[in-house]
Amino acid sequence: MPERDVTVGQLLLTEYQTVKDEQKTRIGFRDNLLYVTLTVVAAVIAAAAQARQTAMLLALPPVCVVLGWTYLVNDQKISAIGAYVRGELGPRLAALARAEGGEVFRWETAHRGDARRVSRKAVQCVVDLLAFCVVPLSALVVFWAGGDVPAGLLAVSVLEAVAVAGLGVCVVQYAVPFGPGSGAG
């Protein structure tokens with residue numbers, strides 16, 4: 001049985017398929033995090049209202065920060081994969097294939113030229129801020145306005161507010177064009 005040599009092109013195509021599979025998986029996971037967040041928020045609010053215990057709302061900030069950070073990290077990795085395909089993998093394959101214009105995988109750049117891309121990214125930033133930051137900050141305001149707030153829970157709630165604000169800064173930084181996470185699909 002003759003040995004079959006693996007070409008650089010085959011390896012690059014295999015790598016392309018692997019990173020696109022990872023990107024697809026991350027997109028599904030990232031998008032489901034919004035639904036998980038909405039479900040958790042509804043459950044905590046319903047439980048707090050039923051028990052008439054505003055202190056239960058203190059569960060929302062850490063949950064939203066963890067889910068929001070996970071969302072943001074996956075979004076950044078999705079963008080990084082796209083950038084890698086556009087900047088590294090595509091050009092190497094184009095050179096091997098002697099592609100006209102030096103381009104392959106045109107979709108990787110074509111969808112980024114859409115006239116509504118900036119407005120979609122702005123709206124997505126607002127949605128992310130609402131889901132992961134405004135909701136938990138609102139829960140903290142309700143907790144603070146609820147009357148007699150024990151000093152220990154007040155300290156915890158202030159730390160939670162700082163964590164949520166920090167996440168909000170990260171969400172905005174990653175949404176700004178040419179920022180560290182720009183380029184999300």
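In this text, all values refer to a predicted model and were calculated from it rather than measured experimentally.
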Task: Connected hydrophobic set around Trp107, excluding itself, where side chains approach under 4.5 Å - done: none
Task: Distance-minimising heavy-atom pair for Ala139 and Leu57 - done: O-CD1, 3.8 Å
Open item on the list: Quick check on the hydrophobic clustering: are Val66 and Leu159 connected, directly or via other members, by side-chain heavy-atom contacts under 4.5 Å?
Closed with: no
TODO: State plainly whether one hydrophobic cluster holds both Met56 and Leu154, where clusters connect Ile, Leu, Val, Met, Phe, Trp and Tyr through side-chain heavy atoms under 4.5 angstrom apart.
DONE: no
TODO: Start with the C-alpha distance between Leu38 and Leu34, add both sets of side-chain angles, then the distance that settles side-chain contact (heavy atoms from CB on, under 4.5 Å), and finish with yes or no.
DONE: CA-CA 6 Å; Leu38 292 174; Leu34 279 172; 5.5 Å; no
TODO: Take Tyr84 and Gln23 through the test side-chain hydrogen bond (donor to acceptor under 3.5 Å, both in side chains) and record every step on the way to the result.
DONE: CA-CA 11 Å; Tyr84 176 72; Gln23 188 180 50; over 6 Å; no
- [ ] Report, as yes or no, whether the 6.0 Å neighbourhood of atom NZ on Lys77 holds more than 12 heavy atoms from other residues, nucleotides or ligands.
- [x] no
Task: Interatomic distance, Thr39 atom OG1 to Leu67 atom CG [nearest 0.5 angstrom] - done: 10.0 Å
Open item on the list: Quick check: closest heavy atoms across Gly9 and Leu93, and the distance to 0.1 Å?
Closed with: O-CD2, 3.9 Å
Open item on the list: Quick check against the 3.5 Å criterion: does Glu108 have a side-chain atom that pairs as donor or acceptor with the backbone of Arg86?
Closed with: no
TODO: To the nearest 0.5 angstrom, please state how far the OG1 atom of Thr18 sits from the CG atom of Leu89.
DONE: 10.0 Å
Task: Distance in Å, Ile81 CD1 paired with Gln76 CD, rounded so as to fall on 0.5 Å steps - done: 9.5 Å
TODO: Identify the two heavy atoms, one from Val149 and one from Trp144, that lie closest to each other, and give their separation to 0.1 Å.
DONE: CG2-O, 3.9 Å
Task: Minimum heavy-atom distance between Cys64 and Thr37, given as atom pair plus value - done: SG-CG2, 4.2 Å
Task: Non-hydrogen side-chain atoms of Asp114 and Arg120 separated by less than 4.5 Å - done: yes
- [ ] Look up atom OG1 in Thr7 and atom CG in Leu96, then write down how far apart they are to the nearest 0.5 Å.
- [x] 8.0 Å
- [ ] Please write out which residues are connected to Val6 in a hydrophobic cluster, directly or through intermediates, given that two of Ile, Leu, Val, Met, Phe, Trp, Tyr count as joined at side-chain heavy-atom separations below 4.5 angstrom.
- [x] Leu11
Tell me which donor-acceptor pairs under 3.5 Å the side chains of residues 123-132 have, and how far apart each pair is, sequence neighbours excluded?
| unit_1 | atom_1 | unit_2 | atom_2 | d |
| --- | --- | --- | --- | --- |
| Gln124 | NE2 | Tyr71 | OH | 3.1 |
| Gln124 | NE2 | Asp128 | OD1 | 2.8 |
| Asp128 | OD1 | Tyr71 | OH | 3.2 |

Open item on the list: I need the minimum non-hydrogen distance between Val65 and Leu167, along with the two atoms involved.
Closed with: CA-CD2, 3.8 Å
Open item on the list: Please find the pair of heavy atoms, one from Glu160 and one from Leu58, that lie closest to each other, and give the distance.
Closed with: OE2-O, 2.8 Å
Open item on the list: Can you list everything that forms a side-chain hydrogen bond (donor to acceptor under 3.5 Å, both in side chains) with Gln17? Sequence neighbours excluded, please.
Closed with: Asp21
Task: Donor-acceptor under 3.5 Å (Glu88 side chain, Val85 main chain) - done: no
Task: hydrophobic_cluster_shared for Leu140 and Val162, side chain cutoff 4.5 Å - done: no
Task: Hphob cluster co-occupancy, Leu13 + Val8, side-chain heavy atoms under 4.5 angstrom - done: yes
TODO: Find out whether Val134 and Ser138 are in side-chain contact, i.e. whether some heavy atom of one side chain is under 4.5 Å from a heavy atom of the other.
DONE: yes
TODO: Tell me, please, which residues at least two apart from Phe143 pass ring pair (Phe, Tyr, Trp, His ring centres under 6.0 Å).
DONE: none
TODO: Applying side-chain hydrogen bond (donor to acceptor under 3.5 Å, both in side chains), name anything that partners Glu22, two or more places apart in sequence or on another chain.
DONE: Arg26
TODO: Verify the cluster assignment for Val63 and Phe29: are they in a single hydrophobic cluster under the rule of side-chain heavy atoms below 4.5 Å apart?
DONE: yes
Open item on the list: Return the CD1 to CG distance between Ile27 and Asn32, rounded to the nearest 0.5 Å.
Closed with: 12.0 Å
